Amino acid sequence: MSVVGEFTKGIYKENPVFKQALGLCPTLAVSNSVQNAVGMGVAMTFVLVMSNIIVSLIRGFVPKKIRIPIYIVVIATFVTIVDLSMAGFAPALHKALGIFVPLIVVNCIILGRAEAFAGRNTVVRSLMDGLGMGLGFTLALLVLATFRETLGNGTFYGLPVHWKGFEPMLIMILPPGAFLTIGLVLGTMNWWDRRRA
Amino acid sequence: MEQRMWKVSASPHLNDKESISKIMWLVAASLAPAGIGAVYFFGAHAAWVIFWAVVAAVGTEAAIQKLMGKPVTVSDGSAFVTGLLLAYNMPAESPFWLPIIGSIFAIGLGKQIFGGLGYNPMNPALLGRAFLLASWPTHMTIFKTAPHGGTISGIDVETGATPLNLLKLSQDVLRQVKINPAEVPAQKVAEATEHISKLYDAYGNLFWGKVGGCLGETSVFLLLLGAAFLLYKRYIDLRIPVSYIGTVALLTWMFGGTDGLFTGNPLFHVLAGGLILGAFFMATDMVTSPITPKGQWAFGIGCGVITVVIRLIGGYPEGVSYSILLMNLTVPLLDRWAKPTIFGGAAKK
């Protein structure tokens with residue numbers, strides 16, 4: 001696969017949320033508003049790219065038996081950077097995302113890419129892979145958050161987008177709305193893929 | 001040469017004059033008295049809500065079946081019944097879009113997405129209600145219309161209190177007094193006591209339907225009229241309603257009072273709220289209830305326990321709809337557990 005292909009595959013063809021169904025816990029939890037989705041997406045992409053680079057750099061001398069703890073330490077380092085910078089520069093966002101920022105450490109997308117890709121590919125490819133997967137995750141969150149925030153709150157990125165007399169569908173920003181939305185989006189995507197195939 | 005086709009299908013091979021559409025339309029007919037009663041008690045707007053719920057349910061079913069290239073089976077009446085039951089679970093003054101969205105959700109995501117009639121794990125009408133309750137709680141829990149012919153005398157209807165709601169609020173006051181007597185003003189205590197005694201005295205209102213509530217759930221008499229017809233036709237049997245209502249009565253008698261065990265009022269709890277509608281018309285739904293007698297008893301008891309837990313402990317004053325939905329999910333397990341031994345098969349160990 002070309003280097004560009006490593007980047008583009010994460011966006012749709014191997015989208016971490018919609019195709020690999022990984023990282024669903026933060027996806028469902030923070031997709032209740034577009035702001036949260038963007039913040040989470042950026043944080044994830046940063047950690048994903050940086051940990052992919054480091055894991056790819058050290059892949060030559062990491063003992064196979066203890067590679068997972070080593071990957072976790074690498075990931076945790078970058079998560080701490082994100083966590084503290086977010087608390088310092090975007091405290092409102094940090095508060096809204098809450099526990100889900102530290103939980104990026106054990107996010108299965110990041111560990112999955114480290115284990116399945118960065119641990120056995122060159123630095124450039126790992127960088128492209130991390131970027132693509134991060135972008136795919138962010139896009140998935142944006143799609144879900146767009147539906148959920150506009151229907152459940154009548155806003156998009158905090159700006160009102162509703163007609164007069166609109167009454168928000170509260171369920172959409174509650175947990176059941178996350179499951180309903182992701183189910184319908186996944187169903188539509190599978191239907192589309194099958195129709196094209 | 002004519003080719004003969006033999007159809008091989010699983011047992012039972014009984015032939016019967018009954019059909020889905022006949023059963024469904026007769027169920028709809030058995031719900032008619034309560035619907036007419038709703039229009040009498042709550043005014044013409046109740047008919048408006050019922051109309052939109054039914055039209056949207058039938059329309060959604062037809063549209064989805066058409067889009068998916070399936071035969072359109074709206075004439076079997078099952079979508080009609082779903083729309084009707086959903087409307088019966090809504091306040092009479094709902095804005096017209098509320099029953100429409102509820103019906104679209106109930107048919108689309110409660111029924112057709114699983115494959116249509118017979119494949120839905122949960123009662124679509126109740127799923128629609130649960131969806132509306134989570135989405136627009138203010139519309140679904142505020143009852144402004146006073147029923148025609150008066151409400152339980154002397155109790156303000158403008159506060160939107162259903163009998164169960166009022167009971168919950170008043171009992172909370174009485175419980176508060178026991179924990180911390182100094183905090184609660186004496187006037188409030190007297191008011192709560194008066195409310196409770198009036199509620200417990202209003203069996204007539206509860207039985208005939210002159211109380212606040214969802215439009216189709218209030219009149220126990222009219223619902224029983226329809227249920228008696230279904231029992232006579234044997235479309236439903238008494239196992240689920242009896243075990244359900246019996247469990248509610250027993251548990252509310254034991255735990256429903258504020259002065260210790262066995263001080264509750266079981267008759268009030270049976271007559272108030274949506275228990276009769278739920279127990280006879282929604283818990284007994286053929287698709288979403290167990291098929292064996294043993295499973296049906298367990299199903300009814302489970303519904304009763306969950307209803308009482310929600311009514312007495314939970315945040316909502318009424319728990320019928322959630323209890324039936326939760327028990328619907330246990331039906332596959334109940335059916336496995338209650339599977340009868342095949343004739344000639346080995347005895348259970």
Side-chain angles (χ1 to χ4, degrees), chain A residues 17-19 21 24-25 27-34 36-37 140 143-156 158 160-197, chain B residues 52 56 60 63-70 86 89-91 93-116 119-122 124 126-142 144 315-316 321-322 325-326 328-329:
Chain A
V17 174
F18 292 138
K19 297 290 172 174
L24 291 180
C25 170
T27 304
L28 296 173
V30 305
S31 61
N32 54 358
S33 83
V34 176
N36 288 356
V143 169
L144 297 180
T146 305
F147 284 118
R148 291 183 64 192
E149 194 186 331
T150 45
L151 289 174
N153 202 27
T155 56
F156 181 83
V161 280
H162 56 79
W163 62 88
K164 218 176 144 221
F166 170 83
E167 293 181 50
M169 200 188 277
L170 284 183
I171 197 171
M172 293 306 282
I173 50 171
L174 299 174
F179 286 98
L180 287 173
T181 315
I182 198 167
L184 289 174
V185 170
L186 275 180
T188 314
M189 280 176 68
N190 287 344
W191 170 77
W192 176 252
D193 286 348
R194 207 172 303 163
R195 228 176 67 123
R196 269 196 330 175
Chain B
W52 281 117
T60 310
I64 291 179
Q65 286 176 334
K66 192 117 198 160
L67 282 176
M68 291 174 73
K70 288 181 175 177
L86 176 66
N89 277 293
M90 303 179 72
E93 60 278 355
S94 309
F96 78 96
W97 49 267
L98 204 60
I100 294 180
I101 295 178
S103 281
I104 292 173
F105 184 88
I107 296 290
L109 292 183
K111 183 176 164 194
Q112 288 298 336
I113 207 164
F114 295 105
Y119 296 97
N120 46 310
M122 285 175 278
L126 287 176
L127 212 54
R129 175 189 152 80
F131 171 76
L132 294 177
L133 192 59
S135 294
W136 293 282
T138 45
H139 280 301
M140 291 298 285
T141 51
I142 291 181
K144 289 193 213 96
Y316 285 111
S321 53
Y322 287 124
L325 281 175
L326 285 170
N328 280 341
L329 294 172

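Bear in mind that the values here come from a model prediction, so they are computed numbers and not experimental data.
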Item to complete: Side chain from CB out, backbone as N, CA, C, O: work out which of these in A/Leu184 comes under 4.5 Å of a heavy atom of chain B, or both, or neither.
Response: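 Just the side chain, heavy atoms under 4.5 Å.
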Practice prompt. With sequence neighbours left out, write down each residue that passes side chain to side chain contact (heavy atoms under 4.5 Å, CB included) with B/Leu329, or none if nothing qualifies.
Written response: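 Expected list: B/Met122.
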Discussion item. Run the side chain to side chain contact (heavy atoms under 4.5 Å, CB included) test against A/Leu24 and tell me which residues pass, sequence neighbours left out.
Written reply: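 Checked A/Leu24 against side chain to side chain contact (heavy atoms under 4.5 Å, CB included); matches are A/Val17, A/Ala21, A/Ile182.
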Practice prompt. Please check if atom CZ in A/Phe18 has more than 12 non-hydrogen atoms from other residues, nucleotides or ligands closer than 6.0 Å.
Written response: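 Yes - once you tally the heavy atoms of other residues, nucleotides and ligands closer than 6.0 Å, there are more than 12.
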Worksheet entry | Over 12 foreign heavy atoms within 6.0 Å of CZ, A/Phe166 |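 For A/Phe166, atom CZ is crowded (more than 12 foreign heavy atoms under 6.0 Å).
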Can you list every donor-acceptor pair under 3.5 Å that links chain A to chain B?
{"unit_1": "A/Glu167", "atom_1": "O", "unit_2": "B/Trp136", "atom_2": "NE1", "d": "3.0"}
{"unit_1": "A/Glu167", "atom_1": "OE1", "unit_2": "B/His139", "atom_2": "NE2", "d": "2.6"}
{"unit_1": "A/Glu167", "atom_1": "OE2", "unit_2": "B/His139", "atom_2": "NE2", "d": "3.2"}
{"unit_1": "A/Pro168", "atom_1": "O", "unit_2": "B/Trp136", "atom_2": "NE1", "d": "3.1"}
{"unit_1": "A/Leu170", "atom_1": "N", "unit_2": "B/Ser135", "atom_2": "O", "d": "3.1"}

So which part of [X] gets closer than 4.5 Å to some heavy atom of chain A, the side chain, the backbone, both or neither?
{"X": "B/Leu133", "value": "neither"}
{"X": "B/Pro137", "value": "side chain"}
{"X": "B/Leu132", "value": "neither"}

Worksheet entry | Interface residues of residues 170-178 of chain A facing chain B - non-hydrogen atoms under 4.5 Å apart |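 Listed by number: A/Leu170, A/Ile171, A/Leu174.
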